[in-house]
Amino acid sequence: MPRFNNKEVAELFANIGDLLEIKGENRFKILAYRKAADNIAGLGQDLFNLWEAGQDLKKIEGIGQAIADKSAELFETGKLEFWEKLIAEVPESLVDVLNIPDVGPKLAKSMWQELGLTTVAEVKAAAQAGKLQTLPRMGAKSEARILASIEALERRDTGRVHLGIAWPLAMTVIATLEKLPEALKVEVAGSLRRMRETIGDLDFLVATEQPEPIMAAFKAMNDVQEVIAAGETKSSVRFRNGLQADLRCLEPSRWGTALQYFTGSQAHNVKVRELAQKKGYSLNEYALTRESDGEKLSFEQEADLYEFLGLAYIPPQLREDRGEIKAAQNKSLPELVQVGDIKGEVHCHSTWSDGAQSIEEMARAAMERGYEYLVITDHSQSLGIANGLTPERLRRQRQEIDDVQAKLPGIRLLQGTEMEIKADGSLDFSDEVLAELDFVVASVHTGLRQDRETLTKRMLAAINNPYVHLIGHPSGRLLTQREAGDFDMEAIMHAAAETGTALEINASPERLDLNDAHVRRAIELGVDLMINCDAHHAAGFENMRFGVATASRGWATAESIVNTLPWEKFAMRLKH
DNA sequence: GCCGTTTTCGGCCCGACTGTTTTCAGTCG
C-alpha cells in the first residue's frame, strides 16, 4: 500500500484546484479543493494513518464525501482517476505557469489555448519573442512584467522566506514609518503578524490623515529595488532580497476593521464575514455595514469588532480557521503562552562544541533575559563536524560550568548534552556517561533520509532511554531548505507521552520544530513540551519569540510548556 | 465541493491597482 504524507496529498488537491480554475470550473468547487488542501497540510496527524485506522475522514473540516472518497482511492491504489483524467484534459505543467506572479487562470488558459504554451520555459520564450502581446488585453508592459517575474522565479528570490529573514526586515520598515509625524499608528499585518512559519510577502498598515508623505517614504526606503504599484492608499515594492511588501494607509477611525481584515488569514476572514452576514451586516476592510439601512459602523480597535460579532478577541496566531471562531463564541480560547512565561532554556551551545561564545557569556545573556536556569548542551562525540564532546571532555567541561556557576549565583547552570541518535540506531553515550549529566537532549542530525520504519525506531530508542529528558527538533526539517525526516510522529508522540520524555519546540526560525500542527496534537496527547532557542551565540536567545509564536499557533498555554516552570518546580519535574 | 441553533438545497467575501481600455477584465490579497 503506497503511503502518502499530508504534504503530498495537500499538493495533489491544490493542483486539482489550480487545473480546475484554468478549466473554468465553478469557483466554489475550486475553493473547496484548496480549503481541503490547506486543512490537510495543517493537520497534526497523517491523513493516511487516520484512513488506515478506519477513521471517518469527513470529520475533518473541509473534507466531505467527494474528497474523502478521493483520498481513500489514492491511499488504496496509489492513483486518482479523477486526476489522471484532469491532466489528460489540462496539461499538468500549467500548475507551474500559474505560479508565475501576474499570471492567473485566465491568462494561463489563453496562453495555452491560443499559443500552445504549457510550460514556464515556453512562456518565457514566447515573451522574449514578443508573442504574448498578440493575446487579448496584453501589451508590451504586461509582457515585460511577466518576463521579469519568470526571471525572478529562476533566481529563486520570490519564494517564501522564514521568520528570521522576514521579521527583522519588517522591524526596519516599521521603524522607518514610525518616524514620520503623519503616521499615527504603524503595524505589520498578514502572515507575519500571525507568525506563520514562512512568509510570502509583508503587509504594512499605517493610520494617517495624510497618506502622501508615508507612501513616498515607503517607496524611497533603502532596500527597495523596484516599485511594483503605487496608488493613492496602497503601494507595493520589492526589496533587494526579493521579498515584496504592501503598504496601506487608512483613516485612524477604521484601524480596527482594517487591521482585522489585512491580518487574515483569508479562511479566518471568510468565517468572520459569514458571521457578520448572519447578523445582517456585510464586512469589508473599512466598516461593518448594516444591510437593512446601509448604516456603517467603524471600529478603532480589532477587539471591538470581534466583541460586536459576539466573539472573544482572537489573537492573530490563532486566525487560521482551525476552530478559533467557535472557541471565541464559547469563550473557550486558550490563554496563550507568552515570551515572559519562559523561565529558562535547556538546549544551547558554547565554544566547547560549535557555539560562538563561552559558557560564561551564554550564562550572562540568559541572566539578562531574566532566566532562572540554563542547561549547556554541547554536541556529543560522533558529531565531529561540530566538535562534539567525548566523555573525557564532558568531565572537563563540568569543571568550567562549576567555575562559572560560582561566579554567577543569579542563575542555575546545568550540564547537559545534545546527544546524537546515531544513524545505526544507537545512542552516542552509554547510560553510565548519561547518568553523570544533569540533562540529556537527544537529536537526529544524520541519516535523515532513512525510511520511516528505521527513523521511527531510532527515535523511539531515544525516547525509551530513561536518561533522555528531551528530543531536540524532532522532525529534523530546515524551513525552505530540507524536508522533515519521514518519522511516524503519531507513534513518537504516544511514546513521549507514555515515558514523560519531552518534545522540543525549537525556536530557531530555520527550524520551528515541532511545527504548529504537531504542537496542537502533542497537547491533545498530553506530551510535555519545552521551547528552546538552540542558541549558538548570545543573540540566539532572541529567537524565543518565534518558538513561543509557534507554540501559540498550536494553541499552547503556559501549562503545556515545561520550561515556564520556575527552577524549583522544574527541578522536581526532572526527577520524575 | 462543502455545509447547516434560520437551510440536506442553495447558498458560498470584497476592494485596490494596473494595463489596456473606450467602460473593464484580470490579478492579488
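Keep in mind the model is a prediction, meaning the values are calculated, not measured.
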Discussion item. Going by the rule side chain to side chain donor-acceptor pair (under 3.5 Å), which residues pair with Gln266(A) if we only count those two or more places apart in sequence or in a different chain?
Written reply: none
Item to complete: Round to the nearest Å and state the distance from Ile16(A) atom CD1 to dG1(B) atom C1'.
Response: 11 Å
Item to complete: Rounded off to whole Å, could you give me the CG-to-P distance for the Asn284(A) and dC14(B) pair?
Response: 8 Å
Response to the item:
So salt bridge (Lys or Arg N to Asp or Glu O under 4.0 Å) across residues 316-327 of chain A, not counting sequence neighbours, yields Lys35(A)-Asp321(A), Arg194(A)-Glu320(A), Lys271(A)-Asp321(A), Glu302(A)-Arg319(A), Glu320(A)-Arg553(A), Arg322(A)-Asp516(A)
Worksheet, complete the sentence: Here the distance between atom C1' of dG15(B) and atom CG of Asn269(A), to the nearest Å, is 13 Å
Discussion item. Going by salt bridge (Lys or Arg N to Asp or Glu O under 4.0 Å), name the pairs with one or both residues in residues 219-229 of chain A, residues two or more places apart or in two chains.
Written reply: Glu226(A)-Arg238(A)
Fill in: Assigned partner base of dC12(B), Watson-Crick or wobble definition, under 3.5 Å
dG1(B)
Discussion item. It should be established whether Lys29(A) places a side-chain nitrogen or oxygen under 4.0 Å from OP1 or OP2 of nucleotide dC12(B).
Written reply: no
Practice prompt. Could I get the full list of side chain to side chain donor-acceptor pair (under 3.5 Å) partners for Ser110(A), not counting sequence neighbours?
Written response: none
Item to complete: May I ask you to say what Ala36(A) touches in the nucleic acid, namely base, sugar-phosphate or nothing, with a heavy-atom cut-off under 4.0 Å?
Response: nothing
Worksheet item: When the distance from CD of Glu25(A) to P of dG1(B) is rounded to whole Å, what number comes out?
Response: 7 Å
Practice prompt. Summarise protein proximity over nucleotides 2-11 of chain B in one line of letters, 5' to 3': B for base, S for sugar-phosphate only, - for none, counting protein heavy atoms closer than 4.0 Å.
Written response: SS--B-----
Discussion item. I'd like to check the ring-ring contact (aromatic ring centres under 6.0 Å, His included) partners of His473(A); sequence neighbours left out, ordered by chain and number.
Written reply: His445(A)
Discussion item. Under 3.5 Å, is there a donor on one side chain and an acceptor on the other for Arg160(A) and Thr198(A)?
Written reply: yes
Worksheet item: Heavy atom of residues 83-95 of chain A under 4.0 Å from DNA chain B: which residues?
Response: none
Worksheet entry | 5' precedence on DNA chain B between Thr233(A) and Glu274(A) (nearest-nucleotide basis) | Glu274(A)
Worksheet entry | Residue pairs passing the ring pair (Phe, Tyr, Trp, His ring centres under 6.0 Å) test where at least one lies in residues 11-46 of chain A, sequence neighbours excluded | none
Fill in: Lys70(A)/Glu73(A) ion pair, N-O < 4.0 Å
no
Worksheet entry | By side chain to side chain contact (heavy atoms under 4.5 Å, CB included) - contacts of Arg145(A) (at least two apart) | Asp102(A), Ile228(A)
Worksheet item: By side chain to side chain contact (heavy atoms under 4.5 Å, CB included), which residues pair with Asp46(A), not counting sequence neighbours?
Response: Arg3(A), Asn6(A), Asn49(A), Arg452(A)
Item to complete: Ignoring backbone atoms, test whether Ser282(A) places a side-chain nitrogen or oxygen under 4.0 Å from the OP1 or OP2 oxygen of dC14(B).
Response: yes
Discussion item. Would you measure the distance from the P atom in dG1(B) across to the matching atom in dT6(B) and give it in whole Å?
Written reply: 28 Å
Worksheet item: Which letter, B, S or -, goes with each nucleotide of nucleotides 19-29 of chain B from 5' to 3', with contact meaning a protein heavy atom under 4.0 Å?
Response: BB---BBSSSB
Worksheet item: Rounded to the nearest Å, what distance is computed from the CD atom of residue Glu226(A) to the P atom of nucleotide dT18(B)?
Response: 13 Å
Worksheet item: Leu283(A) near the nucleic acid: base, sugar-phosphate alone, or nothing, with a heavy-atom cut-off under 4.0 Å?
Response: sugar-phosphate
Worksheet entry | All ring-ring contact (aromatic ring centres under 6.0 Å, His included) counterparts of Tyr281(A), not counting sequence neighbours | Phe308(A)
